[in-house]
Amino acid sequence: MCGRTSCHLPPDVLTRACAYRGPRGERRLPQWREPDKYRPSYNKGPRSDGPVLLSRLHLEKGADSSERVIVPMRWGLVPSWFKEGDPSKLQFNTSNCRSETIMEKRSFKVPLGKGRRCVVLADGFYEWQQYPGTSQRQPYFIYFPQVKTEKSVSTDAANSPKDWEKDWNNWRLLTMAGIFDCWEPPEGGDCLYSYTIITVDSCKSLNNIHHRMPAILDGEEAVSKWLDFGEVSTQDALKLIHPIENIIFHPVSPIVNNVRNNTPECLAPVDLFAKKEPKASGSSQMMLQWLATKSPKKEEPQASQKTELDVPHWSSQFLQKSPFPTKRGGARLLERWLKQEEEEEPVAKRPHSQ
């Protein structure tokens with residue numbers, strides 16, 4: 001599944017990151033619709049507005065179906081046939097859509113049949129690994145591998161129109177396949193655009209974290225085919241929906257568990273095996289003092305008897321060695337990227353709108 005993402009770039013910079021080539025190879029930038037509704041966030045959850053790419057033809061009759069626009073939409077698809085006046089009264093979760101049943105459920109089959117395909121944009125997404133036999137869950141941040149360049153374009157430079165013709169060489173956005181719909185309130189009012197993220201079985205490298213993952217569109221060709229409903233049929237587009245292995249991840253702090261926490265720390269790498277001294281409460285301190293005076297004196301263990309992680313024996317049951325690599329190379333690149341933003345563009349690290 002996919003229940004939390006990060007997408008923190010401001011609208012103008014996000015535009016640069018979504019540059020694409022037209023049918024004749026010309027460089028294009030997607031245009032925004034209602035950018036004021038978009039709120040950059042390091043910790044975005046369902047029912048919030050997230051940026052999605054879609055064909056201009058959905059919004060303008062006679063437009064070129066290969067042209068793209070960016071539209072902020074509600075995460076959690078509200079079907080066009082929903083009769084209640086309040087979309088929050090929808091009785092089932094539509095933030096995700098299983099690829100295996102996409103053609104069976106009316107909520108997804110109908111908009112898909114109308115060609116309402118979109119690409120959900122994000123820095124990456126979060127997933128939680130459940131530790132067996134405990135209630136503990138470790139969050140991970142999952143994203144595309146990043147290509148190291150000699151000099152990345154800063155977000156400040158990306159704001160300048162004179163630099164828009166240059167190829168984007170900063171953070172590569174994750175592009176996830178989605179479906180959107182347009183719901184009109186029964187009593188009248190503005191149309192609500194909303195979307196769902198299609199999910200598939202996890203790839204091998206992510207299977208130990210979670211058994212599901214978003215359907216990721218890896219590369220410009222896949223994105224173009226998914227969006228261009230005017231030229232690519234539903235049947236052909238669905239061939240793009242499958243797990244991919246071109247993905248990287250690292251563990252992050254549990255602060256991301258609370259969707260109200262919205263800082264760069266949410267996606268910063270953490271060391272799962274860093275030694276931390278346990279903090280004793282008042283009552284536990286009394287117990288330790290009592291044990292120190294009343295318990296028989298024990299021999300100090302030899303250094304060779306220390307555990308691999310060098311942690312107190314009583315806490316070892318709560319630690320689990322990761323069964324897969326944490327891709328530290330990508331994590332170090334992310335750390336440099338975050339540091340660069342703090343130095344070059346202080347505003348970009350805080351959610352804001354135009």
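Side chains included, hydrogens not; waters and symmetry mates left out as well; all remaining heavy atoms used. No experiment lies behind these values; they were computed from the predicted model shown.
- Remark: Ser65 pairs with Asp228 by the side chain to side chain donor-acceptor pair (under 3.5 Å) rule, at least two apart or across chains.
- Side-chain rings of Tyr143 and His250 approach one another, their centers coming within less than 6.0 Å.
- Under 4.0 Å is where a charged nitrogen must lie from a carboxylate oxygen, and between Glu60 and Arg33 at least one such pair does.
- Ring pair Tyr126/Phe141 is tilted by interplanar angle, where 30° to 60° counts as tilted.
- Applying the side chain to side chain donor-acceptor pair (under 3.5 Å) test to Arg98 and every residue at least two apart in sequence or in another chain returns nothing.
- Applying the disulfide (SG to SG under 2.5 Å) rule to pairs touching residues 177-214 yields Cys182-Cys191, sequence neighbours excluded.
- Ionic pairing of Asp236 and Lys225 is not present here: no N-O contact between side-chain nitrogen and carboxylate oxygen is shorter than 4.0 angstrom.
- In summary, the aromatic rings of Trp32 and Tyr38 are positioned with their centroids under 6.0 Å apart.
- Between Arg172 and Glu220 there is no salt bridge, since no side-chain N of the basic residue sits under 4.0 Å from a carboxylate O of the acidic one.
- Arg116 and Asp181 are joined by a salt bridge, as a carboxylate oxygen and a charged side-chain nitrogen come within less than 4.0 angstrom of each other.
- Around atom CG of Asp190, no more than 12 heavy atoms belonging to other residues, nucleotides or ligands sit under 6.0 Å away.
- Cation-pi contact between Arg106 and Trp81: present, with separation from the ring centre below 6.0 Å and deviation from the ring axis of at most 45°.
- At most 12 non-hydrogen atoms from other residues, nucleotides or ligands lie less than 6.0 angstrom from CD of Glu265.
- For Phe144 and Trp171, the distance between ring centers is not under 6.0 angstrom.
- Of the listed residues (Asn262, Thr263, Asp123), just one forms a side chain to side chain donor-acceptor pair (under 3.5 Å) with His8, and that residue is Asp123.
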